[in-house]
Amino acid sequence: MTEAAFAAEPSRLLIAAAAGIVLLLLLIIKFKLHPVLSLLISALVIGLGAGMPVPTLVSTVEKGAGETLQGIVLLIGLGSLFGGILEVSGGAQCVAQTLINRFGEKKAGIALGITGLVVGTTVFFEAGVVILIPLAFGLARKTKKSTLYYVIPLLAGLATGFAFIPPSAGSVLVANMLNVDLGVMIAVGVPVGILSLIFAGILWSKFIGSRIHTGLPLNIQEVREEEEANLPAFSTVLCIILFPLVLILCNTLSAYIPGIDAIRPALEFLGTPFVALIIAVLSAMYFLGKKHGYNGEQLKKIMDRSLRPIGQILLVITGGGIIRWVLQDCGMGDIIGPALEKSGLPLVLVAFLIAALIRASVGAAVVAMTMAAGIMAAMPGVAGLSPVYLAAMVCAINGGATAFSHVNDSGFWLVSSLLEIDEKTTLKSWTMMETIIGFTGLICAIVISLFA
């Protein structure tokens, strides 16, 4: 867990955080100030309002920018190159058409949700989004429906897979901290993940997609549709999409497979997300580009165009990350955890509330998972609980760490930027989806704990 860089006075920090978030919403929604400027101003107001010394605040802002970009800048850049080739070559259109033909137009969103759920167990959320979101855009283009109708199931699948089902990083992280056997975690996490996908992905997408029509992003609109006869083969496109995911999965599983010491370093290298995406981009350039008549100059133009929106996306995500680090370095998590620990509520509910409050105040899901799991693991009697109860507690923690994503979460801005939707629409669609996942995890955890 990251130590607070400055111990703010609790009531002052809470007031400063509330004022900063309200100011951020006013600047963006009412005064139409650019999100990047609004996020930075809000971060400074929170830090100064909490009493953070100016040198420490400046250092935290710089650290927040670096730490936020460190994990995602290559993924988003490479993912955009991959998505650009997939779109222009007709690869996304091919997969979209195949999903519609095999599942029917009404069930194509279900197929995307299941795809996201499977992928979410093997890759970080951001990597899954940039690899798969062109498929959702392809379906939206084909059916003329709101992009939310297809993007929400995909995002819900990725989020639930990451939160509840090993070997995802989120579920394994918290399960290890609470000493939960991964076999038990899988047995508990799979049904919780499926229920979360049904409520937050499939049902919610139909509700919100029928009420809010969001169009295709501009860079996707510029791509002309290929004639069906000119489309690449579905098997080729599917292999190219799955290839980086398989590499990442092999990297994850290599830690658990005995007797492969000789090849483990190679699997770890090839399965590093940005390396896997480099391989995916090169594969797409050759099989979807060169073999379909695109020369090097044309491919360069395609990739240049796909990178146009990246600068703004990265800056907005960085702004959200900076707010998260300011709150974290002021000690927001250390204020919330101990207060709930003394409340006398059921342990599963306490676990959810700690994670949810840290998530809502700090923004980062992994930070909320880590802090909440650390607090719960230190509580008397937790180590003596049954394995199934502890697995339910993992679902409660990760549900709380998923809910309430809003303007201090870099994921909020990633979705808003990729879909080119405003903050109000993102709150209505993405934030509600994440919150439904969180409360589904809590309800399932409570029910399971009653029988554990």
Side-chain angles (χ1 to χ4, degrees), residues 72 75-76 79 82-83 86 91-92 95-96 98-100 102-103 106-140 145-171 186 189-206 208-209 237-238 240-246 248-249 252 273 276-277 280 365 398-399 402-403 405 411-412 414-415 418-419 426 429-438 440-441:
I72 61 172
L75 294 183
I76 292 176
F82 181 69
L86 204 60
V95 174
T98 303
L99 287 174
I100 291 174
R102 295 189 181 179
F103 286 89
K106 293 183 178 180
K107 295 181 180 178
I110 298 175
L112 274 182
I114 295 171
T115 301
L117 184 66
V118 174
V119 171
T121 65
T122 63
V123 304
F124 274 94
F125 177 82
E126 292 84 358
V129 170
V130 296
I131 292 170
L132 296 177
I133 205 166
L135 304 185
F137 290 149
L139 281 166
K145 289 186 175 182
S146 170
T147 55
L148 295 177
Y149 195 86
Y150 299 106
V151 171
I152 291 297
L154 175 62
L155 297 177
L158 289 166
T160 54
F162 178 78
F164 302 125
I165 306 174
S168 73
S171 61
I186 291 171
V190 168
V192 174
I194 291 172
L195 285 172
S196 298
L197 172 61
I198 291 171
F199 289 115
I202 296 167
L203 297 179
W204 179 246
S205 68
K206 290 180 179 179
I208 196 68
V237 179
L238 187 63
I240 292 172
I241 292 172
L242 290 178
F243 192 53
L245 304 178
V246 170
I248 294 170
L249 176 60
T252 301
L277 276 171
N398 288 4
T402 301
S405 168
F412 176 95
L414 172 65
V415 172
L418 287 177
L419 270 63
T426 311
S429 56
W430 159 260
T431 300
M432 281 299 300
M433 181 208 81
E434 289 276 271
T435 303
I436 293 169
I437 291 173
T440 303

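Predicted model only: the values in this text are computed from it and were never measured.
- Across every non-hydrogen atom of Ala156 and Met433, the tightest pair is N-SD, 3.5 Å.
- The shortest heavy-atom contact between Thr160 and Gly157 is OG1-O, 3.1 Å.
- Counting only heavy atoms from C-beta outward, the side chains of Leu418 and Val129 approach each other to under 4.5 Å.
- Atom-to-atom distance recorded for Thr115:OG1 and Ile110:CD1 is 11.5 Å, nearest 0.5 angstrom.
- Taking every heavy atom of both residues into account, Leu112 and Tyr150 meet most closely at CD1-O, 3.6 Å.
- Closest non-hydrogen pair, Trp430 versus Ile152, comes out as N-CD1, 4.4 Å.
- Considering every non-hydrogen atom in both Pro244 and Ala276, the closest pair reads CB-O, 3.6 Å.
- To the nearest 0.5 Å, the span separating CG on Leu132 from CZ on Phe82 amounts to 8.5 Å.
- Within the model, atoms CG of Leu139 and OG1 of Thr147 stand 11.5 Å from one another, a figure rounded to the nearest 0.5 Å.
- Between the side chain of Thr431 and the backbone N or O of Ser405 there is at least one donor-acceptor pair closer than 3.5 Å.
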Give every donor-acceptor pair under 3.5 Å between a side-chain atom in residues 191-202 and any protein atom, sequence neighbours left out.
from   : atom 1 : to     : atom 2 : distance (Å)
Ser196 : OG     : Val192 : O      : 2.9

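- Distance CD1/Ile437 to CG/Asn398: 11.5 Å, rounded to 0.5 Å.
- Here the side chains of Leu86 and Ile240 are not in contact, with every heavy-atom distance at 4.5 Å or above.
- One finds the CD1 atom of Ile114 at 6.0 Å from the CZ atom of Phe103 (value rounded to the nearest 0.5 Å).
- For Leu117 against Gly161, the heavy-atom pair with the smallest separation is CD1-N, 3.7 Å.
- Considering OG1 of Thr426 and CZ of Phe412, their distance stands at 4.5 Å, rounded to 0.5 Å.
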